[in-house]
Amino acid sequence: MENRLVESPAWKGLELHFGEIRDISLRSLFAGDAERGERFVVNDLGIYFDYSKHRITAETLNLLIRLADERGLGEKINAMFSGEKINITENRAVLHTALRAPKGSCIMVDGHNVVPDVHEVLEKMAGFANSIRSGEWKGFTGKTIRNIVNIGIGGSDLGPVMAYEALKFYAQRNLTFRFVSNIDGSDFAEAVYGLEAEETLFIVASKTFTTLETMTNARTARKWLLEKLQSDTAVASHFVALSTNEKEVSAFGIDTRNMFGFWDWVGGRYSMDSAIGLSTMIAIGPDNFCRMLDGFHQMDEHFRTTPFERNIPVIMGLLGLWYIDFFGAATQAVLPYDNYLKRFPAYLQQLTMESNGKHVTLDGTPAGYQTGAVYWGEPGTNGQHSFYQLIHQGTSLIPCDFIGFRTSLNPLPLHQDYLMANMIAQGEALAFGRSAGEVKKEGVPDWLVPHKVFEGNRPSSTFFMDRLTPEILGKLVAMYEHAVYTQGVIWGINPFDQMGVELGKVLAMKIIPELHDRQKTLEHDSSTNRLIRYYRG
Ligand code: G6Q
């Protein structure tokens, strides 16, 4: 089936339909239906999802849902939730949903119920998080831990950083959190700048415990600590590991009692609610962490059980596909109107692009149609004073996701009104623009009119919620996770491997010894050879 997407009846129907509605404006769609702003809305789980400002009709949605049905989305959702090995290239189950399954549920992998394992780790994490938060856990010299440095990269960094920033309001403020990911020594140097080793805990977060960047930073951290504390035994009270690889953790010198495990069925970019979330749990406390997990779980259940026409992640995934494959949109902007969500676009970049940036379908043949879009964004209103110009008046079509909250966590007079007014106004301006006639009425001279025209017809979704809580964050992340899966299923690709990051890593390992050994003959292309010689100096 994988390769027949473009042959499927619903796809053919969408092609015809696209021809009919591509030039219809949002102005006319709204003018023709006074209820449109209520009709294309899902209000569930505390999320008001308005997708009325999309270039769709009821017919578009029907066809997209038919496409999802024809591609077996319902069965594929069940396959994922029930632990089938849907990550076929790595022969693995994909069970991030088990990380937030309530105690007492049963999810079998290879004849084993994994839910009790998940809760055992959560309890161990909670015990540890509490001992750091209360000051009970002491460093090697008997001092209380005040600084937590998470060392990890990719999925072992972006989730923890994003969640820490997003939930900082709920964090225990006498603890300092820093994150090191880059192999660039400056990242490490800045992360430990001004920290007392005696009061610092390093969390080495690595599923494999072999990643070059993380292991290099972890070794540097160990050296930094030992130089200051002058004893090898200090490692035990200043290092913990989050990993699936007990052998490597132990070889590094971390006591496996200070290791928090997870499993091969948790993908890196789907792991922020596994042991990889230890820094989050230390920051916000186990109770808030559980509220976040509950939010994830509620969205999982929504995705698993809600009919597609009211299913938030399914609709999101379908709309994304509509723009990518029919309108030729190459990018999708994510614009949170909440400063705490400043790292959310970066987090989503990995989630979406590493998942759906695939050129072959499950059977290995070229897709032949466009898959994953480029995700990007910055918080509003900052972005309005920077790149929004291109979204409003540029030549590319860029669907936008606006994310906002009714209540600010820091309610300073006027700020929230101004923030939300701006978010709402942006969606309105993008959709309806400003015509030449309207511009002329303002007395603008003819020659200037084209420059002041906003064509409009630029689509956006708005996600409106009451306030940013751990529970809502869980829902938002799971919502995007499942939208990604929805698209992956329809495209017939594997959203759960990431072979594309391998080649660069392999080539870097070859180049490392060539950088200083002038005897080594360089056998790359002429450009690469010259770059290596330039570095050699
Ligand atoms: C995510 C990817 C990747 C991974 C990092 C870190 O889905 O697999 O970003 O998370 O390469 O890997 P380790 O956790 O094994 O160090």
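Just follow the structure's listing: the first ligand is 1, and inside any ligand the first atom is 1. This structure is a prediction, so every number in the text was calculated from the model and none was measured.
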Worksheet item: Is K124 close enough and on-axis enough to F260, meaning under 6.0 Å and within 45°, for cation-pi?
Response: yes

Worksheet item: Between Y270 and F496, is the gap from one ring center to the other below 6.0 Å?
Response: yes

Practice prompt. Report the nearest protein non-hydrogen atom to atom 15 (O) of ligand 1: residue, atom name, distance rounded to 0.1 Å.
Written response: T208 OG1, 2.6 Å

Worksheet item: Would you call D110-K85 a salt bridge at under 4.0 Å N-O?
Response: yes

Worksheet item: Do any nitrogen or oxygen atoms of K505 lie less than 3.5 angstrom from nitrogen or oxygen atoms of ligand 1?
Response: no

Fill in: Nearest-neighbour protein heavy atom for atom 5 (C) of ligand 1, which is reported as residue plus atom name and distance
I153 O, 3.5 Å

Worksheet item: Mind checking whether F463 and F402 have ring centres under 6.0 Å apart?
Response: no

Worksheet item: Among all protein non-hydrogen atoms, which one is nearest to atom 7 (O) of ligand 1, and what is the separation to 0.1 Å?
Response: R269 NH1, 2.7 Å

Discussion item. Are Y340 and F405, when compared by the centres of their aromatic rings, separated by less than 6.0 Å?
Written reply: no

Worksheet item: Of all the atoms in ligand 1, which lie at a distance below 4.0 Å from a heavy atom belonging to Q498?
Response: 7 (O), 8 (O)

Fill in: Nearest-neighbour protein heavy atom for atom 3 (C) of ligand 1, which is reported as residue plus atom name and distance
Q350 NE2, 3.8 Å

Practice prompt. Fit a plane to each ring of Y323 and F327, take the angle between them on a 0 to 90° scale, and name the class: parallel (under 30°), tilted (30 to 60°) or perpendicular (over 60°).
Written response: tilted

Discussion item. Give me the nearest non-hydrogen protein atom to atom 2 (C) of ligand 1 as residue plus atom name, then the distance to 0.1 Å.
Written reply: E354 OE1, 3.4 Å

Worksheet item: Can you list the atoms of ligand 1 that are under 4.0 Å from a heavy atom of S206?
Response: 13 (P), 14 (O), 15 (O), 16 (O)

Practice prompt. Considering the heavy atoms of S156, write down every atom of ligand 1 situated less than 4.0 Å from one of them.
Written response: 10 (O), 13 (P), 14 (O)

Worksheet entry | Heavy atom of the protein closest to atom 10 (O) of ligand 1 (residue, atom name, distance) | G155 N, 2.9 Å

Worksheet item: Which heavy atom of the protein is the closest neighbour of atom 12 (O) of ligand 1, given with residue, atom name and distance?
Response: T211 OG1, 3.5 Å

Response to the item:
Only one of L335, V334, D338, I47 passes side-chain contact (heavy atoms from CB on, under 4.5 Å) with I403, and that residue is V334

Discussion item. If we set the cut-off at 4.0 Å for heavy atoms, which region of K207 has an atom near ligand 1: side chain, backbone, both, or neither?
Written reply: both

Discussion item. Quick check with a 6.0 Å cut-off and a 45 degree axis cone: is R222 positioned over the face of F239's six-membered ring?
Written reply: no

